[in-house]
Each structure stands twice: as C-alpha cells, then as structure tokens.
Engineer: 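Here it is, the structure, as structure tokens.
In what follows, every chain begins at residue 1, and chains take the letters A, B, ... in the order their sequences are listed.
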Amino acid sequence: MEYFLELFFGGLTRGSIYALIALGYTMVYGIIELINFAHGEIYMIGAFTGLIVAGVLTALGFPEASTLVIALMCAVIWAAAYGYTVEKVAYKPLRGAQRLSPLISAIGMSIFLQNYVMLSQTSDFLPFPELIPQFGFMERFGSTMSSSEMVIVVSTILVCIGLTLFIKFTKLGKAMRATAQNRKMAMLVGINVDMVISATFVIGSSLAAVGGVLIASHIGQINYFIGFIAGIKAFTAAVLGGIGSIPGAMLGALVLGLTEAFATGYVSSDYEDVFAFCLLVLILIFRPAGIMGKEKTQKV
Amino acid sequence: MNNPVLNVKAVEKDFGGIRALDDVDLVVHNKEIVALIGPNGAGKTTFFNCITGIYTPTGGDVLIDPTAEGNPRRINGKKPNVVTELGMARTFQNIRLFPSMTALENVMIGTHCRTKSAVWGAISRNKATRREEQAVIDRSYELLKLVGLEKYVNDLATNMPYGKQRRLEIARALATDPFLLLLDEPAAGMNPQETLDLERLIVDIRDQFSISIMLIEHDMKMVMSMSDRIYVLDYGRMIADGTPREIAENPAVIKAYLGESDD
Amino acid sequence: MVQFFLTAGCDSVGHAVRKSLLAAAWFVFLTFPLMVIKVNTIENTVVWRWENMGYVAVSIFLGSFVWRWLLARKELKEDNANEETSAEKLLTKVQSHPVLKYSALAVVALLAGLYPQVFDLYQTNIMISCLVYIVLGLGLNIVVGLAGLLDLGYVAFYAVGAYAYALCNMHWDIGFWYMLPVGGVLGTILGVMLGFPVLRLRGDYLAIVTLGFGEIIRLILENWGDVTMGPSGISNIDRPALFGVKLGITDSTIYMYYIMIGLLVFTIFCVNRLQNSRIGRAWLALREDEIACQAMGIDKVKTKLLAFALGASWAGMAGVVFAAKTTFINPASFTFWESAIILSIVVIGGMGSIRGVIAGAIILILVPEYLRDFAEFRMLLFGAIMVLVMVFRPQGLISAKRKIYKYNDTNTAGAANE
C-alpha cells in the first residue's frame, strides 16, 4: 500500500508538471491551431533561468526561501519574454501560409533554442540547488510524499484555479475564448487579435517556467535536453485531454502522470518514455478528440 | 425521365444541437438542370456536403441511380472519393483548386479515379502507362478547351483570374466522368457578361455530355432562365419546389426572400 | 537600393535606427541570463561574460535591418511569388537547352565517377555520407515534399534498415546485397504498419506521432539489450563484398562510393518518374487541398500510405548502406537529430524538388564537414535557417517546378466522352 501511495503521489507530481506545460500547448493550439514545438524549450529555458538566478543569489548569500521566489519570478519573466519573441519571429510572419510552414518553423525554433542553451551554457547536466524548503510536518508521510512533491502539486492546483478564473472572468480571458472560437469574428468585434495571441504565448510560457523551476528543484538537475521529452509528454497530455481544452489539458496531464508512475513502478522503468508514446498513439487512433475535446467539423 | 438519378429522402443533419437540414427531399432526373436556392445560411452547401460524403447525414437516405434504370443505391456515409467514383462530382463555393499545380494538372487530377496506373507503372513507364498518360493529357486538354481555358493550360491555378478559376473547377469536376455535376455558386463574383457565358457553358455541358446538373446559385436571372426545376431551402427546410415560373409566384418563397434580394 | 535597405518597413532612417536599437535592447535583455551569466551551483561561483552582451547588441542591431529588408522584399514580391532566383534561372536555361543539358550532365557524371580517384579516402568517406543523406532526403521528400505529410520519425526506418543488416550479418552472415532489398522491404512494411493507423489523423498530429514513434524505436534499440546489444551497439559489420571477394578498407570504401552513386541514380530515376505520374500528381493534390482532393475521387488514406511506405523503403535501404559503411552502429546514430537533419535538407533545399534536395544535402552535410571550427554551431544554424527559410522563402533554395505536358490538339472537345 505504501508503495502504491508513493507511486500515486509521484504520478501526481509528474502530472502537475505535465499540466503546467500542457496548458501552454493547448492554449496556443486553441487560438492559432499550431503545435508550438518550441514550447518544451521555453520550459527548459525557464528552468535554466531559475538555475542561473538561484546560483547568483546563493553566491550572494540569500536565504533559500527568498531565492526560490525570486528565481521563480525571474524564470517566469524571461520565459514569457522568450515565448513572446518566438511568436513574433517564427510564427507571426507565417500567418496565412501553408499549414506545414509554421510547423516546420516551430521545429526549427525548437532546435535553435536547444542548441542556443547548450552553447551559451553547457551540454552537461547541471546540479540544481534544492530550493523548495523541507517542511517538518511532511516528515510523517515518510517516503510516500515529500515536501517538494506537495509544493508542486499545491502550486499547480493554485495556478490551474487562477488560470480558470482568469479565462472565465477577465476581459483578456474572454477575448482569448472569443479568438479561439472564431478569429475573424473576434477581429470584427474589435478584439486586438495580435495582442491576444501574444498574451497567450506569454501566459503559456510563464506556466511552463513555473513547472520548469519546480521540477528542476525537485529532481535536482537539468540539461539543455529536458524540454524535448517533457514537451512531447505534455503534448500527449494535451491531446489526451482534448487539445484546445484547458480543463482537458489538466485532466490529461493527471492521467498521463499517473499512468507513467504506475507503469514504471509495476511494469518496467526501462521503457518509461515508451508508455507515454504508446498512450499518445493509441489515443490519437481511437479518440483523436481526446477525453474532453469536441469533434470538430471541418468547414468546406 | 421517370427514374431519378439522384433521390434524396428526408435527409437531416444536426450540428451539435442545431438542425441544419430538416426532412429535406430532392429529386434530380436524367439530363435535368436543377437549381437549389435559398437565403444565406439556409443550408444549401450543407446539403451538398451531405450528399457528396463530406458530411454524413444524421438521418434520411441519399439514393443514386447513375443509369436511371430503376435500381437505386444508398450512399449515405460513403467517403467523398467513393461518391465521386460513383459519379457525382462537385465544385466548391470558395474555390478549392490545387494552387501550385498547372491548370492542366488540376484537370488531370480529376481523371484519377478513372485511371489505374500505379507505382510500378510510374517507375517502369511501360506501354500501358504511357498510353493511359497520353489519353489523360489529351482528354484534360479537351476539357480545358471546352471551358475556354486553352490559353491557361500550363499556368499555375493560383495565377489565373478568378472567373477562370471557377471554370477550371468545372473542368476538373467533369474530368471525373460524372452523371451528376454539382456546382456550388458557379457564378459568384462574376460580372453579367461572364455569368451569361457561364450559363451557356453549363447548358452546353448538359447537352454535350448528357449529364444532369444541380447548382446552388444566388443569381436569380441565371437560375430562372436555365433551370428545369428549382428547389428552395430556408432554415434547413425545403419550402418549395417547381418550375421557375411556379417558384417565382410562390408566396412562401417570396416571403423567405423578402428583403433578402430583389431579383 | 541602400535607401530601401535602410528604411524598409519604416518611415525614415531615424525611425529605422530607433527600431533597431529597440530590438537590440530587447534581445540584450532576453539573452542576458543565458549568455552573460554562468553559475556553478556546487562551488557557488558566478562567471560574468559581459562581452557576450556586446556581441548580441551589435548583431541584433545589424540583423534587424536585414530582417526588415527581407520582410519588405517578401511583401513586394508577394504578387509575383514564383519569380525565379538567378541560380534557378541558370538551371532552367541549362535544362531547356539539350546540348547544354547533356553536357552539364556529362560533366557531373564525370566528376562523380572520378571523385574517389582524385580525392583521398577521407574525402571519399565524407562524400559517401553526403550521398547517403541525399538518398534519405529524396526518400523523405516523397513523404514531406510531395505528399505534404510531416514525418518527424523518419530515422526510425533508417534504424530498422541498419539494424536488420547488422543483426542478420552477425547471426547468419547474410551479405550486403541480399539485405539491401530486404532493408527496403522492411522499411516499407514498417511504414505501412505505422502509417495505416496514423495516416487518417490530421497533419500536425501526424508530426507528433511519428516523432513519438521514432523515439519508441530508439528506446527499444537501447533497452532491448538481448537482441540489439543495447547502447553499446553492434560492431564488425561486414562491408559489401565484390562478387564474394572481401575487399580491404581502401577498395571497399571506393566500392561503397560507387554503390552509393548507383543507389542515388536509381533513387533520382524513381522519384523523378513517380512525381510526374498519376500517383505523384495525387500526392501533390493531397498536399495542396485534402478536401478537394477527396472530392476529386482520390482515396486519401491509400494515397498517403503509399507515399509513407515508399519513403520508408528508401530509408530502410539507406540504413543498410549506413551499417555497411561504418561497420558499427548504435542507437546514438538514430536520434531525433538525425530526423531533424534530414528534414532540414528537404525543407531548406526545396520541398518537392529533387535538385533542391541534392543542393540542400550538399550544403548542409558537406559544408559543415569542411568548417570543423563551426561544427558545434551546426544544429544551431540548421534551426535558425529552417525558421528563416520558412519565413522568407518557403519554397526552399531551389523550388519545385511543374512539368509541362505535351498535348495533342484534336479539335474535338468532349469527343472522348461519347
């Protein structure tokens, strides 16, 4: 039972991180129908920025808790800036181009960003300082759930609630939903679509950066390649839930995280990544609209 | 003229909770020109999509009988390519040509389902393939000439003027050897002279190929002068059908169109 | 000209300079943490690399002029988007003139034939790699360039070919020449197996599923140690034998070179014939407009499957050649990066264009080989070029041209129908 719970909370943690990244995929897809391949890289850049800021602050002798907060904030700011810039450089000039073009541009961007980080920083694994504090009251859970896991799960829940409220009630949130439904109409009723798209990238990137810093602090190391696998898995989560749907992405991420945790725990850990890919292929074949997505009728 | 080539019975189509087509009946006989009219959003294109397999109707029957011999066959839910192979070819309201292929190639694509050379034939370019290929080229050129596009044979479709693109779509659809040609607003965006030429072309096609034609059109002058029969669709329901004269005098039709159009 | 360059997309030179300064400032901010700071979290030391800030500022300031100029030029050319570059004009000119065409072909053939005689073993080996990439590029070109299916797991088929030869050679001593067609067939089978379920998906889903599939294959190769030898790979694979005679390293490299030339000629021949056939036209139509394509009577899934399987068969064959050439393979040779390189060859060279793919492979594979100092920047540049090409020249270096068909004007329109 204890092993089961340990796997369960491990899965919950994974799922939380996937959710934070998957939201970015799903929001961007909802609005411009593009798989933002570079999104995983934004997550990775978020983690690196967090590491760099944390490193500088630690060297300057800051306490752990404030280091975490400042590192997180900086990671969010820079990841958002990268997300914004990527959209302006690689996607905006391609609106209205053939469908394949922005996709290839996104892959190019992803390759570029990975190598940019590798060259400007390092190709080795970097140890990430343990920033998340150990809470005394978590000790009674022993190995089933650690403090950092708790922090990750709780912050993800808070972020998801915040995002849901934001989308539902703010003016920008409403503009996003309108643009996702019909970009042309949104434009006609006076919504600044370019701004909405930029905002979507900024928000999605910020969430990914939060995920990046938290998971890096939990696992304890990062390298330039982490965005690739995390990106594919988060995408899987988004598709699983129904791409374009925000609650779907959260649910999909949860399902994927738990599936992976139990599969690696009970079946085999060698094939950790294979489970996610197989799940992806199976969903796409049998239920391409995902758990919460709606079947879209193509306009002719 | 007794057996219809297309017989649509009580077709329905729902999108989510919205009923786009409700209990629609329609019949097309051999060598007939039938027009489908109605205000914007009445469900005309949805109807085309339902009978050509792009949508699957929620209910009802779509029956075809290419030779009009009285043994109809149900084609609900068949894929678009199968429907085309069975002999119903269409054009699109918002032109859907293959933009970076030449006019000739666009028409050649239409012959795809009537030809059969495959990978081995393509690589070996054996005699049968070469013969088939030449036949396809010649036939496609003739069709281009028929619709008056011989000047544009090797031009990319995207570089052609708008009105010519509409004609190219007709030639491409004809290349599939249909018994029924479905035209979705063929005269949209054309000036009166072009519309008149198009009307002549459509009648010509019907006579020369001995096929039936159904068209969606907003240009009432054209519809009235060329159609054998007219169907009127409004809010997804068929509110009237009859000869052009009957339709022009039908109060329900006049009501549906009131303020919509003064043609 | 200079004026246009300076003020493209702006009101005046002053405006342009302000814009560029702004862009430079933005990128300085953007790249600040990653480019300037380097931390060591174990020893708690920080290295500041302020000079990088200067490089970024200057290059972005200058680059933004080029960027705006290219954007403005693209907009100007939007009306005549199919305008040829001078290189393309030259190619068209050579091709349209039979004497020029055949003499150019003869020169190319002569150069290709004499290459291993003139250059040393090292150069020949590089050239063989390049030829392998051209074949891979042409194979992927069928899938991506002609049929418009974005396949990001192409390397999986390549891996299967390579491992098939390596394993069969190791266990049963089966020779290269038997395995070359087998590799192709295996690629095809795998292509059909993967393609059948996933090809009904929308295009962008296909990209991610194939990416996942490529990774699955690699993970299996890495983890299924009993069969694949795991990460350490398989070594001592036989080089191809000439009529049953095993050759020394030098001779067999030269032999390998000619085998590759042969495979390349065969590939070009097939792809060229395919793309101007009934099947090839259906692929193009499918790429341009799926719905119209189906409405014209083309079976979408069948046509896509054909492209996918044919593309995969070339990857399978190239895999066999790769294993025979290097005599050692391991999963590290079949990562996503390989797929990305092959894709960039196709995209940058020109989707759907045989000459484009060849040019793309020569530039992307040979140039980095000779610019060893820049080797680490290779993927960075590939990524950047992919974005730039998509933004400014989506048709690639050498765009595909449509064939001009010869028709018989018989003056009997409609007669064929009666």
Side-chain angles (χ1 to χ4, degrees), chain A residues 33-35 45 48-49 51-56 58-59 74 78 81-82 85 89-90 93-94 97-105 107-117 119-122 126-129 228 232 235-236 239 270-271 273-274 276-278 280-281 284-285 288 298 300, chain C residues 26-27 29-35 37-42 44-46 52 71 74 144 148 150 152 197-198 200-205 207-209 211-213 215-216 219-220 223 287 291 336-337 340 343-344 347 351 376-380 382-392 394:
Chain A
E33 298 221 324
L34 165 76
I35 297 178
I45 285 175
F48 262 95
T49 310
L51 173 82
I52 290 165
V53 173
V56 172
T58 317
C74 290
W78 262 283
Y82 272 96
T85 312
V89 171
L94 287 170
Q98 278 194 347
R99 215 184 153 89
L100 219 51
S101 308
L103 215 53
I104 290 170
S105 178
I107 294 164
M109 206 39 160
S110 166
I111 296 171
F112 176 82
L113 288 177
Q114 276 189 30
N115 284 276
Y116 156 67
V117 173
L119 292 171
S120 67
Q121 294 289 317
T122 174
L126 279 177
F128 200 97
F228 178 69
I232 303 179
F235 177 80
T236 308
V239 172
D270 283 348
Y271 290 94
D273 298 334
V274 175
F277 293 133
C278 291
L280 174 68
V281 174
L284 285 175
I285 294 164
Q298 197 150 20
V300 180
Chain C
W26 173 254
F27 275 89
F29 161 75
L30 198 65
T31 55
F32 174 70
L34 284 165
M35 293 287 285
I37 313 170
K38 198 164 183 178
V39 294
N40 184 327
T41 45
I42 300 171
N44 274 336
T45 53
V46 180
N52 283 351
L71 264 189
K74 186 186 164 201
V144 180
L150 190 50
L152 297 180
V198 303
R200 37 196 99 220
L201 299 174
R202 275 226 315 278
D204 32 13
Y205 281 6
I208 211 111
V209 172
L211 174 66
F213 175 74
E215 285 297 294
I216 291 178
L219 288 167
I220 291 174
N223 290 309
R287 179 187 78 184
I291 289 180
F336 169 69
W337 299 110
L343 180 68
S344 12
V347 169
M351 283 190 275
E376 50 182 352
F377 292 101
R378 186 162 107 158
M379 288 312 290
L380 184 85
F382 278 16
I385 295 174
M386 266 165 94
V387 175
L388 293 176
V389 164
M390 280 300 110
V391 173
F392 297 116

Engineer: If I compare all heavy atoms of C/Met390 with all of C/Met351, which pair ends up nearest, and what's the gap?
Structural biologist: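 For C/Met390 and C/Met351, the tightest heavy-atom pair comes out as CE-CE, 4.0 Å.
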Engineer: Is A/Leu94 in contact with chain C via its backbone, its side chain, both, or neither, using a 4.5 Å heavy-atom distance?
Structural biologist: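 Answer is side chain: those atoms of A/Leu94 sit under 4.5 Å from chain C.
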Engineer: Listed by chain and number, what are the side-chain contact (heavy atoms from CB on, under 4.5 Å) partners of C/Ile220, not counting sequence neighbours?
Structural biologist: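 Expected list: A/Tyr271, C/Ile216, C/Trp224.
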Engineer: Where on A/Cys74 is there a heavy atom nearer than 4.5 Å to chain C: the side chain, the backbone, both, or neither?
Structural biologist: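 Interface part for A/Cys74: neither.
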Engineer: Tell me, for C/Phe213 versus chain A, whether the close heavy atoms (under 4.5 Å) come from the side chain, the backbone, both or neither.
Structural biologist: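 No part of C/Phe213 comes within 4.5 Å of chain A.
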Engineer: Let me see the working for C/Leu150 and A/Ile107 under side-chain contact (heavy atoms from CB on, under 4.5 Å), right down to the final yes or no.
Structural biologist: CA-CA 11 Å; C/Leu150 190 50; A/Ile107 294 164; 4.0 Å; yes
Engineer: What residue, out of A/Gly108, A/Ala276, A/Gly55, A/Pro129, has the most heavy-atom pairs lying under 4.5 Å from chain C?
Structural biologist: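 Sorted descending by pairs with chain C, the first entry is A/Gly108.
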Engineer: Can you tell which part of A/Ile232 gets under 4.5 Å to a heavy atom of chain C, answering side chain, backbone, both or neither?
Structural biologist: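 Side chain of A/Ile232 only, per the 4.5 Å heavy-atom cut-off to chain C.
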Engineer: Answer with side chain, backbone, both or neither: which region of A/Ile45 has an atom nearer than 4.5 Å to a non-hydrogen atom of chain C?
Structural biologist: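 Contact with chain C involves the side chain of A/Ile45 alone.
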Engineer: For A/Val117, is it the side chain, the backbone, both, or neither that has a heavy atom closer than 4.5 Å to a heavy atom of chain C?
Structural biologist: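 For A/Val117, the contact with chain C is made by the side chain alone.
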Engineer: With a 4.5 Å cut-off on side-chain heavy atoms, are A/Asn115 and C/Phe382 touching?
Structural biologist: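 Sidechains of A/Asn115 and C/Phe382: no contact.
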Engineer: Counting only non-hydrogen atoms closer than 4.5 Å, does A/Val89 touch chain C with its backbone (N, CA, C, O), its side chain (CB onward), both, or neither?
Structural biologist: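 For A/Val89, heavy atoms of backbone and side chain both lie under 4.5 Å from chain C.
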Engineer: Who wins among C/Leu30, C/Ile37, C/Val389 for the most heavy-atom pairs under 4.5 Å with chain A?
Structural biologist: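 Top option by heavy-atom pairs under 4.5 Å: C/Leu30.
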Engineer: Give, as side chain, backbone, both or neither, the part of C/Leu152 having an atom under 4.5 angstrom from any heavy atom of chain A.
Structural biologist: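 For C/Leu152, the contact with chain A is made by the side chain alone.
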Engineer: Taking A/Ala59, A/Pro127, A/Ala90 one by one, which has the highest count of heavy-atom pairs under 4.5 Å against chain C?
Structural biologist: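 Greatest number of close heavy-atom pairs with chain C: A/Pro127.
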Engineer: Evaluate the side-chain contact (heavy atoms from CB on, under 4.5 Å) criterion for residues A/Leu100 and C/Val144: first the C-alpha distance (whole Å), next the side-chain angles of each, then the deciding distance (0.1 Å), finally the verdict.
Structural biologist: CA-CA 9 Å; A/Leu100 219 51; C/Val144 180; 4.2 Å; yes
Engineer: Checking C/Phe336 against chain A: side chain, backbone, both or neither under 4.5 Å from a heavy atom?
Structural biologist: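 Contact with chain A is through the side chain of C/Phe336 alone.
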Engineer: Quick one: which of A/Thr122, A/Thr58, A/Leu119 has the most heavy-atom pairs under 4.5 Å with chain C, could you say?
Structural biologist: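 Of the options given, most contacts go to A/Leu119.
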Engineer: Count the heavy-atom pairs under 4.5 Å between each of A/Ile35, A/Thr49, A/Ile104 and chain C, then report the option with the highest count.
Structural biologist: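 Most heavy-atom pairs within the cutoff with chain C belong to A/Ile104.
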Engineer: With only heavy atoms counted, which part of C/Val347 is less than 4.5 Å from chain A, the side chain, the backbone, both or neither?
Structural biologist: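 Contact with chain A is through the side chain of C/Val347 alone.
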Engineer: So, taking the atom named CD in A/Glu33 and the one named CG in A/Leu103, what distance separates them when rounded to the nearest 0.5 Å?
Structural biologist: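 Rounded to the nearest 0.5 Å, the CD-CG separation comes out at 12.0 Å.
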Engineer: For C/Thr31, give me all partners under side-chain contact (heavy atoms from CB on, under 4.5 Å), at least two apart in sequence or on another chain.
Structural biologist: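 C/Thr31 satisfies side-chain contact (heavy atoms from CB on, under 4.5 Å) with A/Tyr82, A/Tyr116, C/Met35, C/Val56 once adjacent residues are dropped.
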Engineer: Hey, does the side chain of A/Gln121 reach the backbone of A/Phe48 with a donor-acceptor pair shorter than 3.5 angstrom?
Structural biologist: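 Between the backbone of A/Phe48 and the side chain of A/Gln121 there is no qualifying donor-acceptor contact (under 3.5 Å).
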Engineer: Of all heavy-atom pairs between A/Met109 and C/Val387, which one has the smallest distance, and what is that distance?
Structural biologist: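 Minimum heavy-atom separation between A/Met109 and C/Val387: N-CG2, 3.4 Å.
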Engineer: C/Ala340 and C/Met379: which non-hydrogen atoms are nearest, and at how many Å?
Structural biologist: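 So the two residues come closest at CB-CE, 4.4 Å.
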